[in-house]
A.B. asks: 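Pasting a structure here, questions to come.
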Amino acid sequence: MRYLDEYRDSALVHRYAEAIRATVTRPWTLMEICGGQTHAIVRYGIDQLLPEGVELVHGPGCPVCVTPMGRIDQAIDLARKPGFTICSFGDMLRVPGSSTDLLRTRALGGDVRIVYSPLDAVNLAAKEPDRQFVFFAVGFETTAPANALAVRTAADRGLSNFTVLVAHVLVPPAIEAILGAPDNRIQGFLAAGHVCAVTGMADYERLAHQFRVPMVVTGFEPADILFGVLACVRQLEAGHAEAENAYARAVRSDGNRRALDLVEGVFEVADQAWRGLGVIPKSGYRLRHSYREFDATRRFGLETDSREPASECLAADVLRGMLKPDACPAFGSRCTPENPLGAPMVSNEGACAAYYRYRPMVEIPVQ
Amino acid sequence: MCLAIPGRVESIDERSPLERMAIVKFGTVLREVNVAFVPEAEPGDYVLVHVGVAISRIDEEEAKTVFEYLEQIGEAGDIGEAPP
Ligand code: SF4
């Protein structure tokens, strides 16, 4: 067992597809919230194994895609300052700010370093006490424990040259915004397994009952995703609307208590702007007052500019599941991973990048 | 970015409660991972690792569900054909 290849087994995948076909009697529209699942779905052609009428709509679950442009501009401004280093996960580097991106800022001499873990950024700060290290703390609930651990570690070590630029988003308020929209057409959700591994399922139980929509916690390998789809359509066909765990090898219903305790000690829930979607109430984290000295915006007096310049990028529609990426007029022509107009074309979890990378060009419908 | 991958814990060095560091094997690659949030994990266990931090221990019993679910619902008579 390596908990990987076994779940990509083609015979197993096809048996699941068969079971789904045997189950559905009507069309159903499901949303996978997480961009990691979107990539797996497009990469393995899982959507094409589904019977006619069962549609997977791609959700906003790409932290890089929804990080507000103003935050990216702040990171760029800091990276240009002498004596400052911005540490970031790699997929933030190409995301367009209002005039440039972190990658170009680095090419022009800004100190931008890619780290694998927020803890690496803390270690860098400890090694180079004469520089200011700012970690670009983006992410969903999955990443919050690691980011909280980095802040806590820096506090415990008394580091005065480590701060974080926080752009944290929470999934349940986004689901609520989608289900509450008057034009919503989503009938069931595949909830993100790695988010739920941290948070547990309580919020999803509430949402399932409140909106009468099944919420199935789903993993990331092909058989896992089809298992999630099957569980979801079985509920829909039976008229049920429950939170269900189809990824129990990694998700406990009460989540990871230890991780949540640390997250709740370092962060508090706050209103958060989502790029393209606007401000969603109580949908993000900010540092608690007791950790305010680690807040880069506060320590360096950064202004927040929430304006987003007009662009032909239709990411807002893509992120809400209203538009398939390949239906965007700029897709693959004026917008490519090398020259992206919007974040969903850059990120490893962006839906546009998934379509660009894995869908043969001949299949792109002419709209 | 929410990519989390399973790896096997090879050894653990607990320096403090929040600095519980493990060597974790992913395929053939070894990496240092913080396992403070999975106190139940021991060498030999698989953990799910995201940006250098383990967020969950993989439950071996539950891991079989994906292979057994179809039989289970097949037996319940919900889908046409129970696989062998
Ligand atoms: S294809 Fe490019 S321009 Fe169109 S929505 Fe996606 S990121 Fe924006």
Side-chain angles (χ1 to χ4, degrees), chain A residues 1-4 6-7 12 15-16 18-19 22-23 34-36 61-64 89 91 115-120 138-140 142-143 145-147 149 152-153 156 192-195 197-198 219-221 223-224 227 230-231 234 245-252 256 258-259 262 347-349, chain B residues 1-8 15-21 25-28 31-41 44-74 76-84:
Chain A
M1 265 296 188
R2 287 181 45 231
Y3 303 103
L4 224 47
E6 317 86 284
Y7 300 94
L12 180 65
R15 278 171 53 204
Y16 265 102
E18 192 46 54
T23 304
C34 173
C62 164
V64 173
F89 298 128
D91 44 0
V115 290
Y116 160 70
S117 167
L119 298 169
D120 296 343
V138 302
F140 279 110
T142 320
T143 318
N147 288 345
L149 190 55
R152 183 54 199 275
T153 304
D156 289 354
H194 294 154
V195 165
V198 172
F220 294 77
E221 298 303 329
D224 289 319
F227 178 17
L230 177 58
R234 277 167 55 87
N245 189 354
Y247 193 38
R249 69 179 181 278
V251 175
R252 323 284 172 258
N256 186 324
R258 247 180 216 238
L262 188 72
S347 165
N348 287 328
E349 289 169 334
Chain B
M1 237 202 62
C2 290
L3 181 73
I5 45 172
R8 196 180 71 209
R15 297 168 203 163
S16 72
L18 284 182
E19 214 185 340
R20 187 170 184 256
M21 303 307 291
K25 193 171 184 185
F26 303 97
T28 56
R31 245 199 154 117
E32 198 180 40
V33 168
N34 187 308
V35 291
F37 298 135
V38 284
E40 71 279 21
D45 286 341
Y46 276 77
V47 289
L48 196 58
V49 178
H50 171 67
V51 298
V53 175
I55 52 171
S56 177
R57 185 181 68 87
I58 296 192
D59 185 313
E60 285 184 35
E61 271 309 302
E62 296 286 2
K64 297 177 192 147
T65 320
V66 182
F67 310 111
E68 292 166 356
Y69 183 72
L70 290 172
E71 278 85 346
Q72 283 168 16
I73 61 172
D78 284 335
I79 57 165
E81 194 191 329

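Values below: every heavy atom of this structure, side chains too, minus hydrogens, waters and symmetry copies. Letters A, B, ... mirror the listed sequences (proteins, then strands); counts begin at 1.
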A.B. asks: Give the ring-plane orientation class for B:Y46 versus A:Y3, where under 30° counts as parallel, over 60° as perpendicular and anything between as tilted.
C.D. replies: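 Because their plane-to-plane angle is over 60°, the rings of B:Y46 and A:Y3 count as perpendicular.
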A.B. asks: Just how far is it from atom CG of A:N256 to atom CZ of B:R57, taken to the nearest 0.5 Å?
C.D. replies: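 If we round to the nearest 0.5 Å, A:N256:CG and B:R57:CZ are 12.0 Å apart.
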A.B. asks: List the steps and the verdict of side-chain contact (heavy atoms from CB on, under 4.5 Å) for A:L12 and B:V66.
C.D. replies: CA-CA 9 Å; A:L12 180 65; B:V66 182; 4.3 Å; yes
A.B. asks: Check the surroundings of atom CD in B:E68: do more than 12 heavy atoms from other residues, nucleotides or ligands lie under 6.0 Å from it?
C.D. replies: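 Enclosed.
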A.B. asks: Checking A:D156 against chain B: side chain, backbone, both or neither under 4.5 Å from a heavy atom?
C.D. replies: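 Only the side chain of A:D156 comes within 4.5 Å of chain B.
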A.B. asks: Rounded to the nearest 0.5 Å, what separation is found between the CZ atom of A:F220 and the CG atom of B:L48?
C.D. replies: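 Between atom CZ of A:F220 and atom CG of B:L48 there are 8.5 Å.
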A.B. asks: Out of A:G36, A:A246, A:P145, return the one with the most heavy atom pairs under 4.5 angstrom to chain B.
C.D. replies: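 The answer is A:P145.
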A.B. asks: What part of B:I58 gets within 4.5 angstrom of chain A, counting heavy atoms only: side chain, backbone, both, or neither?
C.D. replies: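 Its backbone and side chain both get close to chain A.
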A.B. asks: Okay, side chain of B:Y69, backbone of A:Y16: is any donor-acceptor separation there less than 3.5 Å?
C.D. replies: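 Not a single qualifying donor-acceptor pair exists.
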A.B. asks: Using heavy-atom distances under 4.5 Å, tell me whether B:V49 contacts chain A through its side chain, its backbone, both, or neither.
C.D. replies: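 When you check distances to chain A, only side chain atoms of B:V49 fall under 4.5 Å.
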A.B. asks: Report the distance from atom CD1 of B:I55 to atom CZ of A:R258, rounding to the nearest 0.5 Å.
C.D. replies: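 One finds 16.0 Å between CD1 of B:I55 and CZ of A:R258.
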A.B. asks: Just verifying a value: how many Å separate B:M21 CE and A:L119 CG, rounded to the nearest 0.5 Å?
C.D. replies: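 Interatomic distance, B:M21 CE to A:L119 CG, rounded to 0.5 Å: 6.5 Å.
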A.B. asks: Identify which part of A:A231 has an atom lying under 4.5 Å from any heavy atom of chain B, answering side chain, backbone, both or neither.
C.D. replies: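 Both parts, heavy atoms under 4.5 Å.
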A.B. asks: Is the centre of the A:F227 ring less than 6.0 Å from the centre of the B:F67 ring?
C.D. replies: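 For A:F227 and B:F67, the ring centres are not under 6.0 Å apart.
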A.B. asks: Kindly indicate whether the side chain of B:T65, heavy atoms from C-beta on, has any atom under 4.5 Å from the side chain of A:R249.
C.D. replies: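 They are not in side-chain contact.
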A.B. asks: So, taking the atom named CG in A:L262 and the one named CG in B:L18, what distance separates them when rounded to the nearest 0.5 Å?
C.D. replies: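 It comes to 6.0 Å.
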A.B. asks: Between A:N147 and B:V51, does a side-chain contact (heavy atoms from CB on, under 4.5 Å) hold up when you go through it step by step?
C.D. replies: CA-CA 9 Å; A:N147 288 345; B:V51 298; 5.7 Å; no
A.B. asks: Contact part of B:R31 toward chain A, heavy-atom cut-off under 4.5 Å: side chain, backbone, both or neither?
C.D. replies: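 For B:R31, side-chain heavy atoms alone lie under 4.5 Å from chain A.
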A.B. asks: Identify, with sequence neighbours excluded, every residue that meets salt bridge (Lys or Arg N to Asp or Glu O under 4.0 Å) alongside B:E19.
C.D. replies: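 B:E19: salt bridge (Lys or Arg N to Asp or Glu O under 4.0 Å) contacts with B:R15.
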A.B. asks: Can we say A:R15 and B:E71 salt-bridge, meaning some charged N sits less than 4.0 Å from an Asp/Glu carboxylate O?
C.D. replies: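 Result for this pair is yes, salt bridge flagged.
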A.B. asks: How long is the straight-line distance from OG of B:S56 back to CZ of A:R252, given to the nearest 0.5 Å?
C.D. replies: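 Going from CZ on A:R252 over to OG on B:S56, the span is 4.0 Å.
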